[in-house]
Amino acid sequence: MASVKFPRKEFEKNIKLTKEIEDKINLFGTHVESLTDSEIEIEVLPNRPDLFSMQGYVRAISAFIGKSPGLKKYTVSSSGEKLIVKKPLPKNWVYAYACIVKGVKFDNERIKEVIQIQEKLGATLLRNRKKGGIGLYPLDKISFPITFKGMNPDEIMFRPLEYPEIITGRQVLARHPTGREYAHLVSDWDVFPVFVDSKGVIMSMPPIINAHEVGKIDENTKNVFVECTGTDPNVIKKALIILLTALAEMGGKIHSIECTQQDGEKESFPDLSPEKMKLSLDNANKLIGLDLKENEVERFLAKMGHDYKKGTVSVAPWRTDVLHEVDLIEDIAIAYGYDKIQPEIPKVSTIGGESRASQIKSKIAEALIGLGFLEISSYHLVKEDEIKRNKGLEKIEVEDSKTEYKYLRPSLLVPALRIFSENKDNEYPQKIFEIGTVFLKDNKIETGIGESSHLIVASSPANFTELKQVLEYLFRSFGIKCSLKESVKDGFIEGRVGEVISNGKSIGVIGEMHPETLREWGIKMPIAFLEINLDPFLA
Amino acid sequence: MEKKPSSDLEKITDMLSPMERKVVPYLKYSIEEIEKKSGLDNVSVMRALRFMENKGLVKIKATEQAVIDLGTNGIYYKKHHLPERQLLTLLESHGNLSLEETKKLSKLSDNEFKVALGVLKNKALLSISNGRLLLNASKEELMKKSLEEQFIEILPIEQSKLSPEYLHALEQLKKRKDIVQVNVVNLVSFSLTSLGHEIAGKDLAYASNLIEEVSPEVIRAWSKGKKFRKYDIQAAVPKISGGKRHFVNISINRAKRIWMDLGFQEMQGPLVDSSFWVFDALFTPQDHPAREMQDTFFIKGEKGKLPSSDVVKDVKKAHESGVSGSKGWRYSWKEEEARKVLLRTHTTCLSARTLASLRGIKNKTGKYFSVGKCFRNETLDWSHGFEFNQTDGIVVSKDTNFRNLLGYLKEFFTKMGFAEIKFIPSFFAYTEPSVEIYGFHKGNKKWIEIGGAGIFRPEVVVPLLGEYVPVLAWGPGFDRVIMDRYGITDLREMYENDIQRLREKKEALD
C-alpha cells in the first residue's frame with residue numbers, strides 16, 4: 001500500500017467528504033487513513049500509480065461516484081520543439097521523452113504536490129529510480145532543441161539543485177545529499193547522461209539531479225518542460241503521462257515535443273490516445289459469477305474511467321495495471337461493488353484430507369503428550385554462536401539478516417538448548433518435544449538445500465535411561481524396530497551417548513549432555529535427549 | 001440454616017490428619033508447649049494448626065515482639081564473665097593494686113576497664129584512694145551474682161515478660177557495647193474458636209482407627225464399619241501441568257480441520273525454494289520490490305535448478321510478452337534471477353507447484369490447502385517477526401468464479417471465529433480480481449485485516465497448467481488469528497517458548 005496526502009480544502013472543492021463518499025472510497029479499494037482539518041491521507045494500491053496525485057485521484061473517484069464517468073480526454077497541441085537522444089549513453093539508460101505544459105499556476109502548495117507525485121512515481125513505478133527518473137524545468141530558462149546524451153562524469157560541470165557552487169558530475173555523487181543517495185544507480189556507468197539545451201547549458205544529470213539555475217520550479221513558473229528518461233520506454237512514458245495529465249488537471253495545456261531516440265525513431269510525445277482492449281461479456285460474467293447485460297457492463301466500466309463500445313474497451317493511457325481482460329473484469333467487479341457480490345460455495349464435491357506426513361507427525365505428538373511432554377515451536381533460524389560448536393558442519397547462511405538469527409538450523413537440538421537456557425528459572429522437571437524441519441546442504445536437491453523432518457524429545461533433569469524408555473515406547477507404539485549403537489559425540493558424556501539405528505541406518509542420536517556443554521549454555525540442570533530423523537517413516 | 005454442633009464436630013474430627021490429631025489434645029497450651037508435649041517439631045505443629053485454621057478450629061495470629069538476646073560481646077562475657085566480675089576476681093586474689101597494675105593484669109581493653117570501674121564504683125563495691133583500688137564489700141557480697149549477670153543468663157527472653165529489676169538491668173546493659181541486642185520477631189500464637197474449644201483436649205485415640213490411604217492391604221482386609229479419614233476437599237493442592245501441543249500447532253490443526261471438512265486436500269513442500277516458484281511462477285516481475293534482499297532471506301551462495309523446460313519457457317513468455325492475450329510485463333526475463341534460493345515468503349509457492357503438477361492431467365478439478373511457516377527479513381519486536389504462518393488454498397475448476405471465492409473465504413473465516421466477514425478490492429501481482437478479507441473482531445468490536453485472495457491471473461495459470469482454468473486462490477497470514485484467539489498482543493510471545501506460559505496457556509473450548 002502507498003499512502004498519499006492531499007490538501008483537504010482543495011480535495012473537497014472537487015469531492016465533498018460525506019459518510020457515503022467515504023464508504024465509496026473504501027469500496028474503490030482505497031481508504032481514508034487519516035483526516036485532519038488541513039489534510040486527507042489516503043491509502044492507494046501500488047498497481048494504481050495514476051492515483052498518486054490528487055488530480056488523478058479526483059479524476060478516478062469522480063468517475064466512480066458517477067459525477068463524470070467514462071474516459072477523460074485531454075487536448076494535445078504540437079509545440080514544434082525537438083528532443084534528440086544521442087550516443088554515447090550508459091548501458092540501458094537510453095530512452096528519453098519530454099513535452100511542454102503551459103499555463104500552470106504554481107504556488108507553494110502546487111510545488112509540494114508536484115514533488116510528491118514525482119517522488120511517489122520514482123519510488124514505485126520507477127523502482128526507486130532504477131527504471132527511470134522524472135524532471136521538470138521552467139520553460140523560459142531553456143532553449144530548444146534539447147539534447148539528451150552521455151558525458152564523461154569529470155567533464156560535466158554544473159551547479160546542482162540547492163548547492164552553493166559548480167562541481168563536476170562525479171563530485172555530485174560524493175558531495176550532494178541526493179547524489180550520495182542515488183550514487184549506487186550510476187556506479188558502473190562510463191558516461192553520465194545529461195540534458196543540454198541549444199546554448200550548451202547543462203539542465204540536469206538524470207536520474208540524479210537537476211541544475212539549480214534552469215531546473216528549479218518556483219512560484220513564478222507558469223510553463224514547464226517535463227521529461228522522463230530511463231531503461232524501459234513503456235514504463236517511463238506511463239510515468240510521464242501520469243504527471244502531465246495531473247498538470248493538465250491543474251489547468252495546464254499539453255504541447256507535444258518530437259522525441260528522437262538514439263536509434264533514430266521519431267515520436268511525437270505524448271500520444272494520449274487510449275489503448276484498445278477486447279472484452280468478452282461472457283468471460284466477465286463467468287469469472288465474477290454474475291449475469292450482467294452489455295449496457296450494465298458499459299456503465300460499470302465508465303465508473304472505472306473506461307469507454308466501452310461493442311466488445312472493445314478504451315483504456316486510459318495513464319493506467320499501468322491493465323495487462324489483460326481480467327484486469328477490466330476486476331474493474332467491473334469493483335464498480336458493481338464487492339459488497340453486493342453474494343458469496344456462494346459451489347457444489348463441487350471433493351474429499352478432503354491431510355497429508356500422510358502430517359497424520360504421522362500428529363500421532364507421534366499424541367504419544368509424547370501422553371508421556372507428559374510439552375510441545376515447543378522454535379525458530380528455523382539460529383544464531384552464530386549457537387552453531388559454531390557444530391564443527392565440520394557446512395553452515396547455511398541467509399543474506400543480510402536484520403537480527404542475530406542468520407543460519408538455517410542444522411538440528412532441533414540447537415533451538416532446544418536455547419529454550420532450556422531461557423527457561424532455567426521456570427519450574428522443573430521440564431519435558432519438551434518438537435517436530436520440525438532441519439536443513440542440510442545437499443546437491444541432489446534442486447535448491448541445493450535438503451530438508452528433513454526431525455523429532456527432538458528432551459527432558460531435564462533426566463538421564464539416559466529415561467530417554468531410552470521414551471525412545472523404546474515410541475518405536476514399540478508404532479511397531480518399528482530400533483536399536484542403539486555406542487558412539488562418541490562432541491557435547492555428550494562418553495559412554496552415555498548412542499546412535500539410533502532403524503532398518504540398518506543411523507537415524508538419530510540419544511544421550512546425556514556433557515556438563516561442559518550445559519555450562520556453555522548457562523544451563524544448571526542435567527539434560528538427556530533424543531533427536532531422530534522422521535523422513536524414513538513419513539514417506 | 002442451623003447445624004447441629006456435634007455433627008459438625010464429628011465431621012471435622014473425621015477429617016483430621018494424623019498430625020492434627022496429635023496436636024488436638026494439647027490445643028489449650030502454647031505452641032512451644034504443644035511441641036514439647038506432642039513431640040512434633042515446630043514446622044509440623046504449625047502446619048497442623050494451619051490445617052485446623054482452614055477447618056475453623058483455630059485462629060492463627062502473628063504479632064511483632066521485641067526479644068532480647070545476647071550481642072557478640074554478651075556471648076563472650078556469658079562464657080568468660082563480665083569485665084566487672086573479672087576485675088573483682090583479680091582484686092580479690094591480689095589485694096590492693098594500683099590503677100596501672102590492675103589495668104595491666106586484667107587484660108581488659110581501655111573501654112572495658114573504664115566501664116567496669118564505673119559499674120563497681122556505682123555499686124559501692126570499690127573505691128579509689130591515692131591511685132590504688134580498694135574493695136569495700138564482704139566476700140559474700142562480692143560473690144553474689146549481680147543483676148546484670150543474672151539477666152544475661154536468662155536470655156533470650158521477650159521484653160514484655162521482664163520484671164522491673166530486669167528491665168533496669170536491660171537499660172544498664174543497653175548502654176554498653178554489644179552485650180545485648182533487641183530483635184523484633186514475628187511471634188505466632190493462636191486462639192481457639194468455639195468449635196476449637198469443643199475439640200481441644202479431646203483424646204482422639206479412637207480416631208487413630210480412621211484409615212488414611214487405601215492400600216492393597218486395606219482392600220484385602222476391608223470389613224464393614226471401618227472408616228476413612230475425611231479429606232478437606234477445599235484445601236489447596238500443589239499445581240501440576242501435563243503435556244500438550246504448542247498453541248500455534250493447535251490453531252494450525254484447527255484450521256486444517258476446517259479445510260478438510262470443506263473437502264480440501266493438503267499440499268506440502270519445502271521451506272527453502274527457488275525464486276522461480278516463489279515469484280516468477282506467480283507472475284511477480286523480477287524487479288518487484290518484494291524480491292529485494294532487504295525483505296527476503298536469500299540463501300548465501302546457492303543457485304537452484306529450474307523445473308522442466310516447458311514450464312520455464314512458458315513462465316518466461318508470460319513475463320516478457322504475455323500469454324493468452326496478456327501484454328506481459330515487457331522486459332527481458334532472466335533465468336539467473338529465477339534460480340536464486342530463498343526461504344519462502346509465502347506458501348503460495350506450494351499452490352504454484354501443485355498447479356504445475358496438474359499439467360498434462362486431464363481432470364484438473366481439485367481443492368487444495370496448506371498451512372505453513374513463511375519468512376521475511378524483519379527485525380524482532382512486538383509487532384514484527386521474521387517467521388509467520390500462512391494458510392493457502394486453491395480451487396481448480398472450470399466452473400468456479402469470484403462469488404465462489406468469497407463463499408469459501410466467508411465459510412472458512414466464520415468457522416475460524418469471525419462474526420462477520422467483508423471484502424475490499426486489493427492488489428496482488430498474481431491474482432485478478434483481487435480481494436482483501438476483513439473480519440469483525442467480537443472482542444475489540446473492530447474490523448481487522450485478515451489477508452488477501454483472488455483468482456489467479458491467466459499469466460500464472462496458463463504457463464503452469466498448460467491451459468486456462470479458473471483457479472481461486474488465497475493466502476492470508478495466520479498469526480493474527482492465533483494472536484486474537486489467545487489474547488496475545490506481543491508477536492514474540494508466539495515464538496518465545498516460555499515453558500511456564502505454555503503450561504498455563506488456556507485453550508478455548510469451541
Side-chain angles (χ1 to χ4, degrees), chain A residues 26 29 45-47 127 232 234 286-289 323-327 329-330 333-334 338 341-346 348-355 357-358 365 368-369 371-380 396-403 405 419 423 426 430 437 446-449 451, chain B residues 242-246 248-249 256 259-266 268 270-274 287 293 297-300 302 304-305 325-327 330-331 341 366-367 377-380 386-387 397 400-404 406-408 410-411 423-427 432-433 457-458 495 497 499-500 502:
Chain A
N26 260 315
L45 297 169
N47 64 328
R127 304 279 195 246
D232 184 331
N234 299 311
K286 265 190 81 177
L287 196 65
I288 310 174
L323 304 182
H324 189 278
E325 187 188 38
V326 288
D327 297 298
I329 296 174
E330 181 186 67
I334 292 172
Y338 277 19
I341 299 174
Q342 292 306 310
E344 175 198 55
I345 293 194
V348 183
S349 105
T350 50
I351 291 162
E354 211 177 6
S355 70
S358 291
L368 287 162
I369 287 162
L371 293 178
F373 283 86
L374 188 68
E375 188 181 34
I376 55 166
S377 174
S378 62
Y379 288 129
H380 290 76
I396 309 171
E397 188 179 353
V398 298
E399 287 191 74
D400 287 331
S401 172
K402 287 178 188 154
T403 68
Y405 294 86
I419 287 164
N423 279 284
N426 279 326
Q430 297 177 357
T437 305
E446 56 181 68
T447 56
I449 314 279
E451 296 180 24
Chain B
K244 60 171 149 179
R245 296 214 68 173
H246 193 275
V248 168
N249 289 334
K256 278 185 171 183
W259 286 132
M260 290 188 281
D261 287 350
L262 290 170
F264 286 69
Q265 187 75 39
E266 187 177 11
Q268 283 199 314
L271 301 173
V272 175
D273 214 336
S274 64
D287 67 352
M293 204 150 38
F297 283 128
F298 286 98
I299 309 294
K300 227 176 211 172
E302 289 295 335
K305 297 184 192 88
S326 167
K327 295 199 280 185
R330 294 185 284 176
Y331 70 101
V341 173
K367 303 196 288 201
N377 196 355
E378 262 292 4
T379 50
L380 280 176
F386 56 75
E387 295 193 7
S397 167
T400 196
N401 59 40
F402 193 58
R403 279 181 65 191
N404 302 154
L406 304 189
Y408 283 117
K410 192 174 174 187
E411 183 72 15
F423 304 104
I424 300 288
S426 191
F427 167 72
E432 196 79 11
R457 298 187 66 97
Y495 301 92
N497 294 293
I499 287 177
Q500 205 53 35
L502 289 179

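Naming convention: chains lettered A, B, ... in sequence-line order (proteins, then strands); numbering from 1 in each chain.
For B:Lys327, the salt bridge (charged side-chain N to carboxylate O under 4.0 Å, His left out) criterion is met by A:Glu275, not counting sequence neighbours. Checked against salt bridge (charged side-chain N to carboxylate O under 4.0 Å, His left out), B:Glu302 has the following partners two or more places apart in sequence or in another chain: A:Lys441.
Of the two parts of B:Lys256, only the side chain, counted from C-beta on, holds a non-hydrogen atom closer than 4.5 Å to a non-hydrogen atom of chain A. Of the atoms belonging to A:Asn234, it is side-chain heavy atoms, and not backbone ones, that fall under 4.5 Å from chain B. Looking at B:Val272, both its backbone and its side chain come within 4.5 Å of chain A, counting heavy atoms on both sides. Heavy atoms closer than 4.5 Å to chain B are found in the backbone of A:Phe373, but not in its side chain. For A:Ile345, the parts lying under 4.5 angstrom from a heavy atom of chain B are both the backbone and the side chain. At a 4.5 Å heavy-atom cutoff, the contact between A:Thr437 and chain B is made by side-chain atoms alone. Contacts of B:Gln500 with chain A are made by both backbone and side-chain atoms, with heavy-atom separations under 4.5 Å. Contact of A:Asn47 with chain B is made through backbone and side chain together, with heavy-atom distances under 4.5 Å. With a threshold of 4.5 angstrom between heavy atoms, A:Gln342 approaches chain B through its backbone and through its side chain. Both the backbone and the side chain of B:Phe298 come within contact range of chain A, with heavy atoms under 4.5 Å apart.
When ring centroids are compared, B:Phe297 and A:Tyr405 stay outside the 6.0 Å threshold. A distance below 6.0 Å separates the ring centres of B:Phe264 and B:Tyr408.
Among A:Ile288, A:Asn26, A:Ile449, the residue with the largest count of heavy-atom pairs under 4.5 Å with chain B is A:Ile288. For chain B, the option among A:Gly372, A:Ala333, A:Gly352 with the highest count of heavy-atom pairs below 4.5 Å is A:Gly352. Note on B:Pro425, B:Gly407, B:Pro433, B:Gly304: by heavy-atom pairs under 4.5 Å with chain A, the leading option is B:Pro425.
Remark: the A:Gln430 side chain and the A:Asn423 side chain contain no N/O donor-acceptor pair separated by less than 3.5 Å. Side chain to side chain, A:Glu446 and B:Ser274 fail the donor-acceptor criterion of an N or O pair below 3.5 Å.
Here the closest non-hydrogen pair linking A:Val326 and A:Leu287 is CG1-CD2, 3.9 Å.
Salt bridge status for A:Lys402 with B:Glu378: absent, with no side-chain N to carboxylate O gap under 4.0 Å.
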